[in-house]
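Heads up, the thing below is written out as structure tokens.
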Amino acid sequence: MCYREGSGDSFLIEQNMTWYEAQSYCRENYTDLVSIRNEGQKEEVKNKGMNSTIPYWIGLLYDDWEWSDGGRSAYRDWSTLYVPNVYYPIAEQNHTVLNQTDKTILTVGNGGYEDHTLCSEVRIHNIGERKSWEQALDYCKNNYHGLLRTETEEDLEVIKQKFNGTGFTGPVWVGLRQSRLFGFWVWSNGLPVGWSNWEGDRQPEQPLSNHCGAMAMEEGYKWSDQDCLSKLYFICEG
């Protein structure tokens, strides 16, 4: 079952897919797989799917895989040579390589395995032009990889090193947005917010919260909720 941001509608898709295929389908055609966070949302989802005679996928995922920088992602492209089983994992099959044949991900052991290494470099671009959150998102998508995401304390340290002493003023738009339907905060790529850095160490909650997230450009670099139509500077990554 997919949902669409803004309208709050859920859509039961009567096609057989794996969970990952369903997630990709929902993100391409709607917003994402539906999430359920309280009894009211459960009843809404149940009513939408009451005509279905078989179970249907929702946006709940459990596994222990994470990226080396601490980031977590529901995106998977496992090689057909081996798809890891989260319930009965093969001993020490806990590292991955990119299969050059079909560009999929293959799990390997950690003992004596040697291969080439692909490193990444984080690039952050502060944009000295004021835009609304949606305009900033479109600009970053068209010119870079998207609005800035700060998913770990390590990410925050990179930002501090980049901007401390630069005089770039805030708050600035980052890739945080609140679901108007469910009230939870997500990154602009659809991933839920895990580690957070909110002002007062408290996440803004509906119905009083604004729906877009910004970051202060001073000590602490704390997040705040802002009116999505406000014109702010913003930071892109990529």
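Small disclaimer: the values here were computed from a predicted structure and weren't measured.
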At what distance, to the nearest 0.5 angstrom, does [atom1] of [X] lie from [atom2] of [Y]?
| X | Y | atom1 | atom2 | value |
| --- | --- | --- | --- | --- |
| K160 | E153 | NZ | CD | 8.5 Å |
| L148 | C236 | CG | SG | 9.0 Å |
| R177 | D225 | CZ | CG | 13.0 Å |
| I58 | Q23 | CD1 | CD | 13.0 Å |
| I124 | Q161 | CD1 | CD | 9.5 Å |
| S209 | Q226 | OG | CD | 12.0 Å |

Quick one: does [X]'s side chain get under 4.5 Å of [Y]'s, heavy atoms only?
| X | Y | answer |
| --- | --- | --- |
| S224 | W198 | no |
| E39 | Q41 | no |
| Y3 | V45 | no |

[X]-[Y] co-clustered via ILVMFWY side chain contacts under 4.5 Å:
| X | Y | answer |
| --- | --- | --- |
| I54 | Y56 | no |
| W185 | V172 | yes |
| L60 | L12 | yes |
| L61 | L33 | yes |

In residues 187-195, what donor-acceptor pairs under 3.5 Å come from side-chain atoms, sequence neighbours left out?
from, atom 1, to, atom 2, distance (Å)
N189, OD1, L191, N, 3.2

Between [X] (side chain) and [Y] (backbone), is there a donor-acceptor pair under 3.5 Å?
| X | Y | result |
| --- | --- | --- |
| Q206 | F184 | no |
| D227 | L229 | yes |
| W57 | M17 | yes |
| Q178 | V186 | no |
| E21 | T18 | yes |
| N197 | Y221 | yes |
| T166 | K162 | no |

So which atom in [X] and which in [Y] form the shortest heavy-atom distance, rounded to 0.1 Å?
| X | Y | answer |
| --- | --- | --- |
| H145 | G238 | ND1-CA, 3.4 Å |
| Y25 | C2 | CD2-SG, 4.2 Å |
| W133 | L176 | NE1-O, 3.3 Å |
| W173 | S132 | NE1-C, 3.4 Å |
| Y139 | I127 | CE2-CD1, 3.8 Å |
| E5 | R180 | OE2-N, 3.1 Å |

Between [Y] and [X], does any NZ, NE, NH1 or NH2 come within less than 4.0 Å of an OD or OE carboxylate oxygen?
| X | Y | result |
| --- | --- | --- |
| R4 | D9 | no |
| K222 | D201 | yes |
| E237 | R123 | no |

Audit row: V174, M215, side chain to side chain contact (heavy atoms under 4.5 Å, CB included) steps and yes/no: CA-CA 7 Å; V174 293; M215 182 176 67; 3.9 Å; yes
Worked verdict on K42 versus E44 for salt bridge (charged side-chain N to carboxylate O under 4.0 Å, His left out): CA-CA 5 Å; K42 185 183 77 173; E44 290 178 19; over 6 Å; no
Evaluation steps, side chain to side chain contact (heavy atoms under 4.5 Å, CB included), between Y144 and H125: CA-CA 9 Å; Y144 302 100; H125 310 270; 3.4 Å; yes
Should we count [atom1] of [X] as having more than 12 external heavy atoms under 6.0 Å?
| X | atom1 | answer |
| --- | --- | --- |
| Q15 | CD | yes |
| N16 | CG | no |
| K141 | NZ | no |

Verdict with reasoning, L137 to F234, per side chain to side chain contact (heavy atoms under 4.5 Å, CB included): CA-CA 9 Å; L137 177 66; F234 54 99; over 6 Å; no
Verdict with supporting geometry, F11 and Y30, ring pair (Phe, Tyr, Trp, His ring centres under 6.0 Å): CA-CA 9 Å; F11 304 87; Y30 298 94; 4.7 Å; yes
Side chain to side chain contact (heavy atoms under 4.5 Å, CB included) between T169 and M217, worked out: CA-CA 6 Å; T169 60; M217 298 304 292; 5.8 Å; no
